[in-house]
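First up is the structure itself, then whatever we jot down about it.
The model shown is predicted, which means the values in this text are computed figures rather than measured ones. Here is the naming used below: chain letters follow the sequence lines, and residue numbers restart at 1 for every chain. Atom set for the values below is all heavy atoms of this structure, side chains included, hydrogens, waters and symmetry mates excluded.
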There are 2 protein chains.
Amino acid sequence: MTARTTVERITDHPDAQDITLQGVLEAIADPVRRSIVRQIANAPGDMACGTFDISVTRSTGTHHFRVLRQSGIIRQYYAGTSKMNMLRRDDLDRAFPGLLDAIVEASDREAVRAAGARR
Amino acid sequence: MTARTTVERITDHPDAQDITLQGVLEAIADPVRRSIVRQIANAPGDMACGTFDISVTRSTGTHHFRVLRQSGIIRQYYAGTSKMNMLRRDDLDRAFPGLLDAIVEASDREAVRAAGARR
DNA sequence: TCCATCGTACGACGGTGGTCATATGACGAT
DNA sequence: ATCGTCATATGACCACCGTCGTACGATGGA
């Protein structure tokens, strides 16, 4: 039994059918949260909370993860002391086809443009 | 010279390349503004400000139209005493492919669902 | 010319949400 | 058992934003 995924449920996740467009858009409109989503989307696998490149305090980070979770954008589960994050792609795609992809893509595109302008 | 489109420019419209994802998402995250966008998207032609079904005061409406205009989502022009509104589809599609469609579609879908739940 | 209509400008108010500091709790490693 | 790490909870602060009322400006019709 070494280093395993804890089964304990986090209570906060909304059911797929309870994900609202309003919630998703509010969540994703924040730059820090959008950056988080982008990082998960571009990562090969799930990411621990601590591994994100964010510009705010840990406590503020916790706040943003909670908003993302409660809006139904991410799913979280414990793995030992760290907490893993994954996108709820299927649920989102079913509820709002094309939305997540469009936003992530736009976000990537803008990040690239910003990087270009910076040099 | 009867009932014509005034040529006067409204100064506020951002250039296409200055439309930011942040601005668009902030703008569209508000339910009143999203409703406005939806109404334009589903209308056969451009819509005058006064013809919208909105739940707020005229002055608040003006505020929302300004946000939409300055974010680059809509273009406005005068036609006599009323002000016409149109989506900047091309500019938006070029900047953020699929985004507008996904949001409008999701918005429609949700409106339908809400109407269903209401009866 | 006068009035009605449509939209804007400005100021005020209230709520919400992003931020941080600090303290607390859970888990793993030593 | 103890410590360090990871994340949360709580409370406070502040800025921003959605809202409204009122006053104003512009246009078109009677």
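For the helix from C/dT1-D/dA30 to C/dT30-D/dA1, the rotation axes defined at the first and last 5 base pairs enclose an angle of 20°, given to the nearest 10°.
Residue A/Thr57 places at least one side-chain N or O closer than 4.0 Å to OP1 or OP2 of C/dC20.
Residue pairs meeting the ring-ring contact (aromatic ring centres under 6.0 Å, His included) criterion with at least one partner in residues 27-51 of chain B, sequence neighbours excluded, do not occur; the list is empty. Applying the ring-ring contact (aromatic ring centres under 6.0 Å, His included) test to every pair with at least one member in residues 26-58 of chain A, sequence neighbours left out, gives these pairs: A/Phe52-A/Phe65. Sorted by first then second residue, the salt bridge (charged side-chain N to carboxylate O under 4.0 Å, His left out) pairs that include residues 40-59 of chain A, not counting sequence neighbours, number zero. Here side-chain hydrogen bond (donor to acceptor under 3.5 Å, both in side chains) pairs that include residues 92-112 of chain A, with residues two or more places apart or in two chains, are A/Arg38-A/Asp108, A/Asn42-A/Asp108. For residues 21-34 of chain A, the set of pairs meeting the side-chain hydrogen bond (donor to acceptor under 3.5 Å, both in side chains) definition, not counting sequence neighbours, comprises A/Gln22-A/Glu26, A/Gln22-B/Arg34, A/Arg33-A/His64, A/Arg34-B/Gln22.
Atoms CD1 and OG1, on A/Ile54 and A/Thr60 in that order, are 8.5 Å from each other to the nearest 0.5 Å.
By the side chain to side chain donor-acceptor pair (under 3.5 Å) test, B/Ser71 pairs with no residue at all, sequence neighbours left out. By the side chain to side chain contact (heavy atoms under 4.5 Å, CB included) test, A/Ser59 pairs with A/Thr57, sequence neighbours left out. Contacts of A/Arg69 classified as side chain to side chain donor-acceptor pair (under 3.5 Å), with partners at least two apart in sequence or in another chain: A/Asp12, A/Gln76. Scanning for side chain to side chain contact (heavy atoms under 4.5 Å, CB included) contacts around A/Ala95 gives an empty result, with sequence neighbours left out.
Look at OH on A/Tyr77: it is 17 Å from C1' on C/dC27, rounded to the nearest Å. Rounded to whole Å, the distance from CD on A/Gln70 to P on C/dT16 is 16 Å. What separates CD of B/Glu26 from P of C/dT16 is a distance of 19 Å, to the nearest Å. A straight line from NE2 of A/His64 to C1' of C/dC20 spans 11 Å, rounded to a whole angstrom.
When all heavy atoms of A/Leu25 and B/Ile28 are compared, the pair lying nearest together is CD1-O, 3.8 Å.
Within a heavy-atom distance below 4.0 Å of DNA chain C, no residue of residues 28-41 of chain B is found.
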What pairs of nitrogen or oxygen atoms, one from the protein and one from nucleotides 4-10 of chain D, lie under 3.5 Å apart?
from: D/dC6; atom 1: O4'; to: A/Thr81; atom 2: OG1; distance (Å): 3.3
from: D/dA7; atom 1: OP1; to: A/Cys49; atom 2: N; distance (Å): 3.1
from: D/dA7; atom 1: OP1; to: A/Gly50; atom 2: N; distance (Å): 3.2
from: D/dA7; atom 1: OP1; to: A/Lys83; atom 2: N; distance (Å): 3.4
from: D/dA7; atom 1: OP2; to: A/Gly50; atom 2: N; distance (Å): 2.9
from: D/dT8; atom 1: OP1; to: A/Lys83; atom 2: NZ; distance (Å): 2.5
from: D/dT8; atom 1: OP2; to: A/Thr62; atom 2: OG1; distance (Å): 2.8
from: D/dA9; atom 1: OP2; to: A/Arg66; atom 2: NH1; distance (Å): 3.3

